[in-house]
Amino acid sequence: MRFSFAAFVAVASLGGALASNVLELTPDNFDDVIGHGKPALVEFFAPWCGHCKNLAPVYEELADSFAHAKNRVVIAKVDADGVGKPLGQKFGVTGFPTLKWFDANGVDEKYEGGRDMDALANFITSKSGVKSNIKPPPPPAFQVLDVSTFNDVALNPEKDVLVTFTAPWCGHCKNLKPVYEEVAKDFATESNCVVANIDADAAQNKGLASEYGVQSFPTIKFFPKGGKEPVEYDGARSEAAFVEFLNNHCGTQRAVGGGLTDLAGRLPEFDTLASQFYAATGAARDAIYKDATTLAESVGPAAKHYVRVMEKVVNNSEAYVEKETKRLASILSKRTLAPTKLDEIKIKANILGAFAPLKEKVDEVLGRDSADL
(Lines give C-alpha, C1' and ligand atoms only; values in the text may rest on other atoms or scores of the structure.)
Protein backbone atom coordinates (compact mmCIF):
# COMPACT_ATOMS: atom_id res chain seq x y z
CA MET A 1 0.00 0.00 0.00
CA ARG A 2 2.85 2.39 0.83
CA PHE A 3 4.36 1.92 -2.61
CA SER A 4 1.04 2.49 -4.32
CA PHE A 5 0.39 5.68 -2.40
CA ALA A 6 3.88 7.02 -3.14
CA ALA A 7 3.42 6.21 -6.79
CA PHE A 8 0.08 8.00 -6.79
CA VAL A 9 1.65 11.13 -5.27
CA ALA A 10 4.46 11.05 -7.81
CA VAL A 11 2.07 10.71 -10.73
CA ALA A 12 -0.18 13.45 -9.34
CA SER A 13 2.81 15.76 -8.93
CA LEU A 14 4.01 15.02 -12.43
CA GLY A 15 0.54 15.62 -13.77
CA GLY A 16 0.41 19.00 -12.01
CA ALA A 17 3.77 19.95 -13.49
CA LEU A 18 2.76 18.84 -16.96
CA ALA A 19 -0.47 20.79 -16.67
CA SER A 20 1.35 24.09 -16.12
CA ASN A 21 0.96 26.71 -18.83
CA VAL A 22 4.29 28.27 -17.85
CA LEU A 23 6.87 27.17 -20.39
CA GLU A 24 10.20 26.09 -18.86
CA LEU A 25 13.17 27.41 -20.82
CA THR A 26 16.75 26.16 -20.71
CA PRO A 27 19.86 26.91 -22.76
CA ASP A 28 18.81 24.03 -25.01
CA ASN A 29 15.41 25.40 -26.03
CA PHE A 30 15.59 29.13 -25.31
CA ASP A 31 16.65 30.21 -28.80
CA ASP A 32 14.02 27.94 -30.35
CA VAL A 33 11.26 29.86 -28.55
CA ILE A 34 12.45 33.43 -28.10
CA GLY A 35 12.86 35.73 -31.09
CA HIS A 36 10.81 33.72 -33.56
CA GLY A 37 7.78 35.97 -34.03
CA LYS A 38 6.08 35.55 -30.65
CA PRO A 39 6.74 37.96 -27.76
CA ALA A 40 7.33 36.46 -24.32
CA LEU A 41 7.39 37.35 -20.64
CA VAL A 42 10.16 35.39 -18.94
CA GLU A 43 10.75 35.01 -15.22
CA PHE A 44 14.34 34.35 -14.17
CA PHE A 45 14.02 32.68 -10.77
CA ALA A 46 15.88 30.66 -8.15
CA PRO A 47 14.22 27.72 -6.38
CA TRP A 48 15.33 28.95 -2.95
CA CYS A 49 14.15 32.55 -3.46
CA GLY A 50 11.28 33.58 -1.16
CA HIS A 51 9.99 36.31 -3.48
CA CYS A 52 10.01 33.79 -6.34
CA LYS A 53 7.91 31.40 -4.24
CA ASN A 54 5.43 34.20 -3.53
CA LEU A 55 5.24 35.04 -7.22
CA ALA A 56 4.84 31.41 -8.36
CA PRO A 57 1.04 31.01 -7.90
CA VAL A 58 0.41 34.42 -9.45
CA TYR A 59 2.63 33.55 -12.39
CA GLU A 60 0.84 30.23 -12.90
CA GLU A 61 -2.51 32.05 -12.87
CA LEU A 62 -1.11 34.59 -15.32
CA ALA A 63 -0.07 31.81 -17.73
CA ASP A 64 -3.49 30.20 -17.37
CA SER A 65 -5.18 33.46 -18.27
CA PHE A 66 -3.21 33.65 -21.54
CA ALA A 67 -3.38 29.92 -22.32
CA HIS A 68 -5.96 30.61 -25.04
CA ALA A 69 -3.34 32.70 -26.89
CA LYS A 70 -0.28 30.45 -26.77
CA ASN A 71 0.19 30.98 -30.50
CA ARG A 72 0.51 34.74 -29.93
CA VAL A 73 2.33 35.23 -26.61
CA VAL A 74 4.56 33.09 -24.37
CA ILE A 75 4.67 33.01 -20.57
CA ALA A 76 7.90 31.29 -19.53
CA LYS A 77 10.44 30.87 -16.75
CA VAL A 78 14.15 30.08 -16.41
CA ASP A 79 15.85 28.51 -13.38
CA ALA A 80 18.64 31.07 -13.44
CA ASP A 81 20.42 29.52 -10.47
CA GLY A 82 20.33 26.01 -11.93
CA VAL A 83 20.31 24.66 -15.45
CA GLY A 84 19.46 28.10 -16.82
CA LYS A 85 22.30 29.92 -15.07
CA PRO A 86 24.09 30.74 -18.37
CA LEU A 87 20.90 32.47 -19.56
CA GLY A 88 20.75 34.52 -16.41
CA GLN A 89 24.34 35.62 -16.92
CA LYS A 90 23.71 36.37 -20.59
CA PHE A 91 20.81 38.71 -19.78
CA GLY A 92 22.40 40.41 -16.78
CA VAL A 93 20.24 38.86 -14.08
CA THR A 94 21.63 39.83 -10.67
CA GLY A 95 18.59 39.30 -8.43
CA PHE A 96 15.55 37.08 -8.17
CA PRO A 97 12.98 37.13 -9.50
CA THR A 98 13.86 39.16 -12.55
CA LEU A 99 11.14 39.51 -15.20
CA LYS A 100 12.02 40.38 -18.76
CA TRP A 101 9.87 41.08 -21.79
CA PHE A 102 11.18 39.79 -25.10
CA ASP A 103 9.58 41.24 -28.21
CA ALA A 104 8.87 39.22 -31.33
CA ASN A 105 12.48 39.68 -32.46
CA GLY A 106 13.97 38.64 -29.12
CA VAL A 107 14.93 42.13 -27.95
CA ASP A 108 14.61 42.22 -24.17
CA GLU A 109 13.61 44.87 -21.65
CA LYS A 110 13.32 44.56 -17.89
CA TYR A 111 9.81 44.53 -16.41
CA GLU A 112 9.59 47.11 -13.62
CA GLY A 113 5.88 46.95 -12.77
CA GLY A 114 3.94 45.36 -9.94
CA ARG A 115 3.91 41.62 -9.36
CA ASP A 116 0.17 41.32 -8.87
CA MET A 117 -2.08 39.65 -11.38
CA ASP A 118 -3.67 42.82 -12.75
CA ALA A 119 -0.36 44.63 -13.27
CA LEU A 120 1.24 41.69 -15.06
CA ALA A 121 -1.79 40.97 -17.25
CA ASN A 122 -2.21 44.63 -18.18
CA PHE A 123 1.46 44.85 -19.10
CA ILE A 124 1.26 41.84 -21.42
CA THR A 125 -1.89 43.20 -23.04
CA SER A 126 -0.29 46.60 -23.59
CA LYS A 127 2.77 45.00 -25.18
CA SER A 128 1.16 42.27 -27.26
CA GLY A 129 -2.41 43.39 -27.83
CA VAL A 130 -3.52 40.03 -26.45
CA LYS A 131 -6.18 40.17 -23.77
CA SER A 132 -6.28 37.76 -20.88
CA ASN A 133 -9.41 35.81 -20.04
CA ILE A 134 -9.48 37.18 -16.50
CA LYS A 135 -12.93 38.30 -15.54
CA PRO A 136 -12.73 41.98 -14.62
CA PRO A 137 -13.38 42.69 -10.95
CA PRO A 138 -16.54 44.57 -10.01
CA PRO A 139 -16.13 48.34 -10.07
CA PRO A 140 -15.08 49.84 -6.74
CA ALA A 141 -17.61 51.52 -4.50
CA PHE A 142 -15.50 54.69 -4.50
CA GLN A 143 -15.34 57.02 -7.48
CA VAL A 144 -12.20 56.72 -9.60
CA LEU A 145 -10.96 60.10 -10.79
CA ASP A 146 -8.40 61.24 -13.34
CA VAL A 147 -7.21 64.56 -14.66
CA SER A 148 -10.32 64.94 -16.84
CA THR A 149 -12.85 64.36 -14.03
CA PHE A 150 -11.05 65.58 -10.93
CA ASN A 151 -12.22 69.20 -10.94
CA ASP A 152 -15.83 68.30 -11.73
CA VAL A 153 -15.99 66.05 -8.68
CA ALA A 154 -13.47 67.22 -6.07
CA LEU A 155 -14.12 70.94 -6.67
CA ASN A 156 -17.89 70.64 -6.99
CA PRO A 157 -19.21 73.54 -4.84
CA GLU A 158 -22.19 71.46 -3.68
CA LYS A 159 -20.30 68.34 -2.58
CA ASP A 160 -17.86 67.33 0.15
CA VAL A 161 -15.25 64.98 -1.30
CA LEU A 162 -12.60 62.77 0.30
CA VAL A 163 -9.81 61.85 -2.13
CA THR A 164 -7.01 59.33 -1.72
CA PHE A 165 -3.97 60.03 -3.90
CA THR A 166 -2.40 56.60 -4.44
CA ALA A 167 0.06 54.66 -6.59
CA PRO A 168 -0.45 51.09 -7.88
CA TRP A 169 2.91 49.89 -6.54
CA CYS A 170 2.47 51.41 -3.06
CA GLY A 171 2.12 48.78 -0.31
CA HIS A 172 0.34 51.11 2.11
CA CYS A 173 -2.12 52.00 -0.65
CA LYS A 174 -2.86 48.32 -1.24
CA ASN A 175 -3.50 47.86 2.49
CA LEU A 176 -5.80 50.89 2.52
CA LYS A 177 -7.88 49.83 -0.49
CA PRO A 178 -10.22 47.28 1.19
CA VAL A 179 -10.80 49.64 4.13
CA TYR A 180 -11.54 52.51 1.78
CA GLU A 181 -13.91 50.29 -0.18
CA GLU A 182 -15.96 49.69 2.98
CA VAL A 183 -16.01 53.41 3.77
CA ALA A 184 -17.32 54.11 0.26
CA LYS A 185 -20.06 51.52 0.79
CA ASP A 186 -21.00 53.16 4.10
CA PHE A 187 -21.50 56.48 2.29
CA ALA A 188 -22.96 55.12 -0.96
CA THR A 189 -26.36 56.74 -0.35
CA GLU A 190 -24.85 60.13 0.57
CA SER A 191 -24.80 61.89 -2.80
CA ASN A 192 -23.18 65.03 -1.38
CA CYS A 193 -20.45 63.26 0.62
CA VAL A 194 -18.25 61.58 -1.99
CA VAL A 195 -15.51 59.02 -1.43
CA ALA A 196 -13.03 59.06 -4.32
CA ASN A 197 -9.57 57.96 -5.44
CA ILE A 198 -7.01 59.01 -8.03
CA ASP A 199 -3.93 57.21 -9.30
CA ALA A 200 -1.54 60.06 -8.62
CA ASP A 201 1.42 58.20 -10.12
CA ALA A 202 -0.18 57.85 -13.56
CA ALA A 203 1.56 60.10 -16.06
CA GLN A 204 -1.57 62.07 -16.94
CA ASN A 205 -2.36 62.72 -13.25
CA LYS A 206 1.08 63.73 -11.97
CA GLY A 207 0.35 67.40 -12.58
CA LEU A 208 -2.59 67.21 -10.17
CA ALA A 209 -0.46 65.44 -7.59
CA SER A 210 2.11 68.21 -7.81
CA GLU A 211 -0.56 70.91 -7.64
CA TYR A 212 -1.86 69.52 -4.34
CA GLY A 213 1.53 68.86 -2.82
CA VAL A 214 1.43 65.09 -2.97
CA GLN A 215 4.91 63.83 -2.09
CA SER A 216 4.14 60.37 -0.71
CA PHE A 217 1.50 57.69 -1.01
CA PRO A 218 -1.17 57.48 0.07
CA THR A 219 -1.93 61.15 0.60
CA ILE A 220 -5.52 61.80 1.69
CA LYS A 221 -7.27 65.13 1.32
CA PHE A 222 -10.78 66.35 2.06
CA PHE A 223 -12.25 68.91 -0.34
CA PRO A 224 -15.09 70.82 1.39
CA LYS A 225 -18.01 72.12 -0.58
CA GLY A 226 -18.16 75.81 -1.29
CA GLY A 227 -14.71 76.02 -2.85
CA LYS A 228 -12.82 76.01 0.46
CA GLU A 229 -9.20 74.91 0.72
CA PRO A 230 -8.66 71.14 0.96
CA VAL A 231 -7.96 69.67 4.39
CA GLU A 232 -5.21 67.10 4.93
CA TYR A 233 -6.50 63.90 6.52
CA ASP A 234 -3.98 62.65 9.06
CA GLY A 235 -6.19 60.36 11.14
CA ALA A 236 -6.12 56.60 11.51
CA ARG A 237 -6.68 54.54 8.37
CA SER A 238 -9.49 52.49 9.84
CA GLU A 239 -13.09 52.35 8.70
CA ALA A 240 -14.30 53.78 12.03
CA ALA A 241 -11.87 56.72 11.84
CA PHE A 242 -12.83 57.60 8.27
CA VAL A 243 -16.55 57.35 9.08
CA GLU A 244 -16.16 59.61 12.11
CA PHE A 245 -14.15 62.14 10.08
CA LEU A 246 -16.67 62.26 7.25
CA ASN A 247 -19.65 62.50 9.59
CA ASN A 248 -18.01 65.48 11.29
CA HIS A 249 -17.12 67.22 8.04
CA CYS A 250 -20.13 66.27 5.89
CA GLY A 251 -22.77 66.66 8.59
CA THR A 252 -23.88 63.04 8.07
CA GLN A 253 -24.76 60.25 10.50
CA ARG A 254 -23.43 57.14 8.81
CA ALA A 255 -22.62 54.06 10.87
CA VAL A 256 -19.62 51.76 10.53
CA GLY A 257 -20.70 48.76 8.47
CA GLY A 258 -23.54 50.59 6.76
CA GLY A 259 -26.79 52.23 7.74
CA LEU A 260 -27.32 55.20 10.01
CA THR A 261 -26.45 55.97 13.61
CA ASP A 262 -29.08 56.24 16.33
CA LEU A 263 -28.91 60.04 16.09
CA ALA A 264 -29.80 60.26 12.41
CA GLY A 265 -32.97 62.27 11.81
CA ARG A 266 -33.21 63.53 15.38
CA LEU A 267 -33.92 67.22 15.99
CA PRO A 268 -33.06 68.52 19.50
CA GLU A 269 -35.99 70.96 19.66
CA PHE A 270 -38.46 68.26 18.67
CA ASP A 271 -36.81 65.73 20.98
CA THR A 272 -37.70 68.06 23.85
CA LEU A 273 -41.30 68.41 22.64
CA ALA A 274 -41.58 64.63 22.19
CA SER A 275 -40.43 63.95 25.75
CA GLN A 276 -42.81 66.57 27.13
CA PHE A 277 -45.63 65.21 24.97
CA TYR A 278 -45.36 61.69 26.27
CA ALA A 279 -45.20 62.85 29.91
CA ALA A 280 -48.27 65.11 29.51
CA THR A 281 -51.95 64.18 29.50
CA GLY A 282 -55.22 65.62 28.27
CA ALA A 283 -55.25 69.28 27.29
CA ALA A 284 -51.54 69.72 27.98
CA ARG A 285 -50.69 66.95 25.53
CA ASP A 286 -53.02 68.43 22.90
CA ALA A 287 -51.36 71.82 23.30
CA ILE A 288 -47.89 70.34 22.77
CA TYR A 289 -49.15 68.50 19.69
CA LYS A 290 -50.47 71.78 18.24
CA ASP A 291 -47.21 73.58 19.03
CA ALA A 292 -45.25 70.81 17.30
CA THR A 293 -47.53 70.95 14.26
CA THR A 294 -47.01 74.71 13.94
CA LEU A 295 -43.25 74.45 14.42
CA ALA A 296 -43.00 71.63 11.87
CA GLU A 297 -44.37 73.93 9.16
CA SER A 298 -41.30 76.14 9.49
CA VAL A 299 -38.81 73.28 9.94
CA GLY A 300 -40.00 71.24 6.98
CA PRO A 301 -40.02 67.50 6.16
CA ALA A 302 -37.38 66.65 8.78
CA ALA A 303 -39.97 67.18 11.54
CA LYS A 304 -42.84 65.37 9.82
CA HIS A 305 -42.48 62.05 11.62
CA TYR A 306 -42.43 63.63 15.08
CA VAL A 307 -45.86 65.09 14.36
CA ARG A 308 -47.10 61.81 12.90
CA VAL A 309 -46.18 59.91 16.08
CA MET A 310 -47.95 62.51 18.21
CA GLU A 311 -51.01 62.28 15.98
CA LYS A 312 -51.15 58.49 16.40
CA VAL A 313 -50.95 58.76 20.19
CA VAL A 314 -53.49 61.58 20.39
CA ASN A 315 -55.93 59.47 18.39
CA ASN A 316 -56.26 56.92 21.19
CA SER A 317 -53.22 54.77 20.38
CA GLU A 318 -51.14 54.85 23.57
CA ALA A 319 -49.30 51.65 22.63
CA TYR A 320 -48.28 52.96 19.20
CA VAL A 321 -44.67 53.88 20.14
CA GLU A 322 -43.78 50.49 21.53
CA LYS A 323 -45.55 48.49 18.81
CA GLU A 324 -44.13 50.59 15.99
CA THR A 325 -40.63 50.39 17.44
CA LYS A 326 -40.75 46.60 17.44
CA ARG A 327 -42.13 46.52 13.90
CA LEU A 328 -39.43 48.80 12.51
CA ALA A 329 -36.68 46.95 14.39
CA SER A 330 -37.83 43.72 12.78
CA ILE A 331 -37.66 45.25 9.30
CA LEU A 332 -34.21 46.69 9.93
CA SER A 333 -32.84 43.41 11.22
CA LYS A 334 -33.81 41.60 7.99
CA ARG A 335 -32.12 44.19 5.75
CA THR A 336 -34.03 43.06 2.66
CA LEU A 337 -34.94 46.56 1.46
CA ALA A 338 -32.92 49.00 -0.61
CA PRO A 339 -30.36 51.05 1.39
CA THR A 340 -32.27 54.30 0.90
CA LYS A 341 -35.46 52.68 2.22
CA LEU A 342 -33.60 51.24 5.20
CA ASP A 343 -32.30 54.75 5.94
CA GLU A 344 -35.87 56.08 5.95
CA ILE A 345 -37.00 53.37 8.36
CA LYS A 346 -33.97 53.86 10.61
CA ILE A 347 -34.77 57.59 10.92
CA LYS A 348 -38.37 56.80 11.84
CA ALA A 349 -37.15 54.31 14.43
CA ASN A 350 -34.71 56.87 15.83
CA ILE A 351 -37.46 59.49 16.20
CA LEU A 352 -39.57 57.01 18.16
CA GLY A 353 -36.69 56.91 20.62
CA ALA A 354 -37.33 60.55 21.54
CA PHE A 355 -40.70 59.74 23.10
CA ALA A 356 -40.30 59.16 26.87
CA PRO A 357 -41.02 57.43 29.22
CA LEU A 358 -40.69 54.56 26.77
CA LYS A 359 -37.32 55.95 25.69
CA GLU A 360 -35.23 53.38 27.55
CA LYS A 361 -37.24 50.51 26.09
CA VAL A 362 -37.08 52.00 22.62
CA ASP A 363 -33.35 52.63 22.86
CA GLU A 364 -32.82 49.06 24.05
CA VAL A 365 -34.57 47.69 20.98
CA LEU A 366 -32.76 50.08 18.63
CA GLY A 367 -29.44 49.33 20.32
CA ARG A 368 -29.80 45.65 19.58
CA ASP A 369 -30.80 46.47 16.02
CA SER A 370 -27.79 48.76 15.48
CA ALA A 371 -25.50 46.02 16.73
CA ASP A 372 -27.00 43.64 14.20
CA LEU A 373 -26.54 46.17 11.41
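Predicted, not measured: the structure shown is a model, and the values here were computed from it.
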**Asked** Hey, are the side chains of D186 and E239 touching, using non-hydrogen atoms and a 4.5 Å cut-off?
**Response** yes
**Message:** Among T149, T164, V147, V163, exactly one meets side-chain contact (heavy atoms from CB on, under 4.5 Å) together with I198. Which residue is that?
**Reply:** V163
**Item:** NZ/NE/NH1/NH2 to OD/OE distance under 4.0 Å, E324 and R327
**Value:** yes
**Request:** State whether the side chain of D160 and the backbone N or O of K225 hold a donor-acceptor pair below 3.5 Å, judged by distance alone.
**Result:** yes
**Prompt:** What about F355 and Y320, are their ring centers closer than 6.0 Å?
**Reply:** no
**Asked** Can the ring centroids of F223 and F150 be said to lie less than 6.0 angstrom from one another?
**Response** yes
**Message:** D343: which residues meet the salt bridge (Lys or Arg N to Asp or Glu O under 4.0 Å) condition with it, sequence neighbours left out?
**Reply:** R254
**Request:** Could you check whether the rings of W101 and F123 sit parallel, tilted or perpendicular, using 30° and 60° as the cut-offs?
**Result:** perpendicular
**Message:** Side chains of L342 and T189, heavy atoms from C-beta outward: is any pair under 4.5 Å?
**Reply:** no
**Message:** Less than 4.5 Å apart, side chain to side chain, heavy atoms only: is that true for L25 and V74?
**Reply:** no
**Request:** Output yes when a side-chain donor or acceptor of S128 lies under 3.5 Å from a complementary backbone atom of V130, and no otherwise.
**Result:** yes
**Item:** Exercise: do N21 and K70 side chains pair donor with acceptor under 3.5 Å
**Value:** yes
**Item:** Beyond-backbone contact of V58 with R115, side-chain heavy atoms, under 4.5 angstrom
**Value:** no
**Prompt:** Is a side-chain donor or acceptor of S330 paired with a backbone partner of K326 at a separation under 3.5 angstrom?
**Reply:** no
**Request:** Evaluate the side-chain proximity of L273 to M310: yes if any heavy-atom separation is below 4.5 Å, no if none is.
**Result:** yes
**Request:** May I ask you to decide whether D79 forms a salt bridge with K85, counting only side-chain N to carboxylate O separations under 4.0 Å?
**Result:** no
**Complete:** Those residues at least two apart in sequence (or on a different chain) that pass disulfide (SG to SG under 2.5 Å) with C193 are C250
**Whether N105 side chain and V107 backbone form a donor-acceptor pair below 3.5 Å** = no
**Message:** Can you confirm whether F277 sits close enough to V309 that some side-chain heavy atom of one is under 4.5 Å from a side-chain heavy atom of the other?
**Reply:** no
**Message:** So that I can tick it off, tell me whether K127 and E109 are bridged by a salt bridge, with the cut-off set at under 4.0 angstrom between side-chain N and carboxylate O.
**Reply:** yes
**Pairwise side-chain hydrogen bond (donor to acceptor under 3.5 Å, both in side chains) hits with a residue in residues 31-56, at least two apart** = W48-D81
**Donor-acceptor side-chain pairing of S65 and N133 below 3.5 angstrom** = no
